[in-house]
There are 2 protein chains.
Amino acid sequence: METKKNDKFSNVEDCPIRNIIDRIGDKWSVLVLLVLEEEGTLRFNEIHKTIQSISQKMLAVTLKALEADGLVKRTVYPQIPPKVEYELTERGSSLLPHLHGLVSWAVGNMEAIQTSRREFEVS
Amino acid sequence: METKKNDKFSNVEDCPIRNIIDRIGDKWSVLVLLVLEEEGTLRFNEIHKTIQSISQKMLAVTLKALEADGLVKRTVYPQIPPKVEYELTERGSSLLPHLHGLVSWAVGNMEAIQTSRREFEVS
DNA sequence: TAACTTTGGTTACCAAAAGTAAGTAAAAAA
DNA sequence: TTTTTTACTTACTTTTGGTAACCAAAGTTA
């Protein structure tokens with residue numbers, strides 16, 4: 001008999017791993033976090049210029065999600081034309097070292113991985 | 001004048017960050033890697049029993065991707081009914097410490113993040 | 001006075017990725 | 001002969017992501 005209790009990953013809502021993967025596992029969050037770390041406080045369009053391949057829509061969606069999770073702080077200056085600045089919160093900063101671990105692994109292994117992929121395709 | 005050279009993330013194909021995020025940032029890869037680390041060698045259905053919320057299709061797709069990247073080794077025993085075993089490769093094992101960094105951060109911050117999300121919703 | 005610029009978005013529409021449920025192969029057991 | 005077992009695949013639906021056009025509101029230009 002297989003009860004839910006035998007599956008330690010059954011409660012997807014409360015599984016921290018799935019929770020974090022669902023959030024930073026999207027297409028853009030990690031890139032935005034890394035850019036904000038490197039460049040400091042940035043306006044919407046400045047982020048967009050740094051990550052040209054993201055659409056305005058996805059940048060807006062990504063920033064809103066990061067803000068909702070308290071990883072990024074959004075500051076609106078009531079001007080016309082509008083001015084909105086984004087910066088990492090402490091919580092966002094505390095995540096970054098772990099991302100850097102991943103990034104360094106990725107940098108060190110990317111070439112071998114790309115080779116593996118090509119070999120796998122032909123077979 | 002904005003040339004491609006001003007955007008250090010413009011070559012999405014060759015950006016290691018995007019590369020690794022695209023691969024382990026999918027919904028299931030990290031979970032599968034963690035299960036294989038914890039349980040050792042497992043058959044297809046054994047993984048499926050451990051991660052009940054994944055569909056057979058997505059488990060198959062995920063394993064194939066991990067195999068293509070050389071993170072997981074697939075061994076087929078020519079029997080009927082079939083027997084296929086999956087285990088981490090060295091490359092896969094070398095990635096896991098970095099994932100654990102993320103996991104521990106996720107465990108430590110999940111509650112605060114969930115609170116932030118609820119607060120963000122109402123405002 | 002009308003049109004254009006600037007910024008930080010939103011909206012409608014389309015494509016790609018992921019989820020669901022059912023089907024498949026092949027042999028051994030009932 | 002039907003059922004069982006295992007590791008998938010296939011057809012279909014839903015969710016996510018991408019593209020391009022549009023918007024507000026004040027200042028600048030003509």
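Chain letters run A, B, ... following the sequence lines, proteins first and then strands; every chain starts at 1.
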- Task: Applying side chain to side chain donor-acceptor pair (under 3.5 Å), name anything that partners B:T115, two or more places apart in sequence or on another chain.
- Result: none
- Would you give the length of the straight line joining atom NE2 of B:H100 to atom CG of B:L34, rounded to the nearest 0.5 angstrom? 6.0 Å
- Measure from CZ on B:F44 to P on D:dT6 and round the result to the nearest Å. 12 Å
- Message: Can you say whether a donor on the side chain of A:K57 sits under 3.5 Å from an acceptor on the base of D:dG18, or the other way round?
- Response: yes
- 5'-most to 3'-most nt of DNA chain C touching chain B (<4.0 Å, heavy-atom partner on protein side) reads C:dA18 to C:dA27
- Whole-Å distance between D:dA7 P and B:L42 CG? 11 Å
- Could you give the angle between the helix axes at the two ends of the helix from C:dT1-D:dA30 to C:dA30-D:dT1, with five pairs per end, rounded to 10 degrees? 40°
- Message: Run the side chain to side chain donor-acceptor pair (under 3.5 Å) test against B:T89 and tell me which residues pass, sequence neighbours left out.
- Response: none
- Partners passing side chain to side chain donor-acceptor pair (under 3.5 Å) against A:R74 (at least two apart in sequence or in another chain): A:Y86
- Task: Tell me which residues in residues 60-86 of chain A put a heavy atom below 4.0 Å from DNA chain C, sorted by number, or none.
- Result: A:A60, A:K64, A:R74, A:P81, A:P82, A:K83, A:V84, A:Y86
- In whole angstroms, how far is the C1' atom of D:dT16 from the CH2 atom of A:W28? 14 Å
- Item | By side chain to side chain donor-acceptor pair (under 3.5 Å) - contacts of A:S55 (at least two apart) | none
- Those residues at least two apart in sequence (or on a different chain) that pass side chain to side chain contact (heavy atoms under 4.5 Å, CB included) with B:S93 are B:L88
- Task: Identify, with sequence neighbours excluded, every residue that meets side chain to side chain contact (heavy atoms under 4.5 Å, CB included) alongside B:T62.
- Result: B:D26, B:W28, B:S29, B:V32, B:I54, B:L66
- Taking atom P of D:dC8 as reference, at what distance in whole Å does atom CZ of B:R43 sit? 11 Å
- Task: Would you mind reporting whether A:I24 and A:L95 have side-chain heavy atoms less than 4.5 Å apart?
- Result: yes
- Mind checking what makes side chain to side chain contact (heavy atoms under 4.5 Å, CB included) contact with B:A65, not counting sequence neighbours? B:R23
- Query: Among all residues two or more places apart in sequence or in another chain, which pass the side chain to side chain contact (heavy atoms under 4.5 Å, CB included) test with B:E46?
  - Reply: B:L42, B:R43
- What is the distance from CD1 of B:I54 to C1' of D:dA7, rounded to the nearest Å? 14 Å
- Contacts of type salt bridge (Lys or Arg N to Asp or Glu O under 4.0 Å), residue A:E87, not counting sequence neighbours: A:K73
- Take the protein atom CG of A:L59 and the nucleotide atom P of D:dT16, then report the distance between them rounded to whole Å. 19 Å
